[in-house]
Amino acid sequence: MIEIKHLTKIYPSKSGDTVALNDIDLTIPDGAIFGVIGLSGAGKSTLVRCINMLEKPTAGSVVIDGEDITAVKAKRLNLLRKNIGMIFQNFNLLEQRTVAQNVRFPLDIAPRYSKRSQKDSPVPFRVDKARREERVKELLELVELSDKANSYPSQLSGGQKQRVAIARALALRPKYLLCDEATSALDPTTTKSILALLKDINEKLGVTVIVITHEMKVVESICTDVAVISNSKIAETGKVAEVFSSPQSDIAKELIIPDLIRAIESEGGKKLRLIFAGDEADAPVISGLALECGVKANILYADTKNIDGKSFGHMVIAVSEEDGQLEAAKAYLLRHNVRFEEEL
Ligand SMILES: Nc1ncnc2c1ncn2[C@@H]1O[C@H](COP(=O)(O)OP(=O)(O)O)[C@@H](O)[C@H]1O
Ligand SMILES: [Mg+2]
């Protein structure tokens, strides 16, 4: 588990300090695929770089599996860091080395065992050459690139490069994988395949994945939990199903449902937002309103999905302002256990 407590990061400069993170509290449970979304400049990359101490926090702490990594000595930190893999938007591969050599790199430079300082290592110590080669083979199979072992990065597509980076990040069997805009440079089809791979890694290897992104679709498609970051602070956090179906903060509403906001602004009538978070029904609502209680309702916006016969998402309807229509609609929704919000 990663516990971020009162984390503040200030970048000082002569022309004025930048507060990139302002008193952040966040808990990332083991086994999660945890999304962090926000606009550019919100502080996402700074947050993820503080989790592995690439950036030293100005104040606060990052506690990983009970150990405050902002307080440990350099040697210990170096070891703990190896339990946290990281991938980036621009892949950061070693261009002069082959795919296999890139993946082998962390194994080649893994710490050697020394009783005094490294007895509680969370990751494997350096193993002999034959076992390193074996591990590389295994990793390339995992990311489906066995046939590219001897290629150079320049010979690969973006998606393949990211697969190499993922294999390399997993070489030492880390418990955590940080992904900073890992799919932002990829086309939609490649993005899908990389996200599917990350999900697989989470499920099969039990790696906790932290996904930093400005793309809502990424969070929606693989994350279990999400934190929305805005102006250096956490605006909102929770389960994806909950936050995406019922965002509370202005920034989350704007990020998650911009079309909805436009729809609401452009139409007359009384608006209701219906929320489906795994409930039984959605489509019959409009016909039910008309048939059962004579309410005229228009769908202004709908973004619902059916997963295993249950509905997720939301729908905004406009109800006629004629006398009694809104009350009748609300009574109908209550009778049918459909969650709704009036204040949009
Ligand atoms: N190394 C740095 N030095 C100075 N300012 C920085 C540095 N890195 C980021 N910042 C500033 O901190 C804020 C947050 O940046 P960042 O964490 O990169 O946001 P995001 O990843 O959400 O786009 C921005 O205002 C950015 O300009
Ligand atoms: Mg960033």
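Note that ligands are numbered from 1 as they come in the structure, with each ligand's atoms numbered from 1 the same way. Worth saying up front: this structure is predicted, and the values here are computed from it rather than measured.
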Which residue and atom name correspond to the protein heavy atom nearest [atom], and how close is it?
atom                    : result
atom 1 (N) of ligand 1  : Y11 CE2, 3.7 Å
atom 24 (C) of ligand 1 : G41 O, 3.9 Å
atom 19 (O) of ligand 1 : G43 N, 3.2 Å

Which option wins on minimum heavy-atom distance to atom 15 (O) of ligand 1: T213, T46, D180?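 The residue whose heavy atom sits nearest atom 15 (O) of ligand 1 is T46.
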
I want to confirm something. Looking only at heavy atoms, which of S40, P12, S45, G38 is nearest to atom 18 (O) of ligand 1?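 Of the listed residues, S45 has the closest heavy atom.
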
Just by distance, do the side chain of N150 and the backbone of V99 share a donor-acceptor pair under 3.5 Å?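 Pair absent, no side-chain N/O of N150 close to backbone of V99.
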
Heavy atoms of the protein only: does one fall short of 4.0 Å from atom 10 (N) of ligand 1?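 Protein heavy atoms within 4.0 Å of atom 10 (N) of ligand 1 - there is at least one.
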
Does the protein put any heavy atom within less than 4.0 Å of atom 26 (C) of ligand 1?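 Within 4.0 Å of atom 26 (C) of ligand 1, no protein heavy atoms are found.
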
In ligand 1, which numbered atoms sit nearer than 4.0 Å to a non-hydrogen atom of T18?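 Listed by number with element, the hits are 11 (C), 12 (O), 25 (O).
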
N-O pairing of K175 and D65 below 4.0 Å: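 D65 and K175: salt-bridged.
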
Residue among P111, P174, P106 satisfying side-chain contact (heavy atoms from CB on, under 4.5 Å) with K82: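 Single pass found, and it is P111.
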
Enter the distance from L195:CG to E220:CD here, rounded to the nearest 0.5 Å.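 Rounded to the nearest 0.5 Å, the CG-CD separation comes to 12.0 Å.
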
State the CG-NZ distance between L80 and K75, to the nearest 0.5 angstrom.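 The NZ atom of K75 is 13.5 Å from CG of L80, to the nearest 0.5 Å.
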
Any side-chain donor near an acceptor of the partner, [X] and [Y], under 3.5 Å:
X    : Y    : value
T46  : Y11  : yes
D23  : T8   : no
S246 : Q248 : yes

So is there a nitrogen or oxygen of A20 less than 3.5 Å from a nitrogen or oxygen in ligand 1?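 Between A20 and ligand 1, no N or O pair is found under 3.5 Å apart.
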
Check whether any N, O or S atom of T46, backbone or side chain, sits closer than 2.8 Å to the Mg ion (ligand 2).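 Under 2.8 Å: T46 has no N, O or S contact with the Mg ion (ligand 2).
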
If we only consider heavy atoms of L39, is any one of them less than 4.0 Å away from an atom in ligand 1?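 It does; at least one heavy atom falls under 4.0 Å.
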
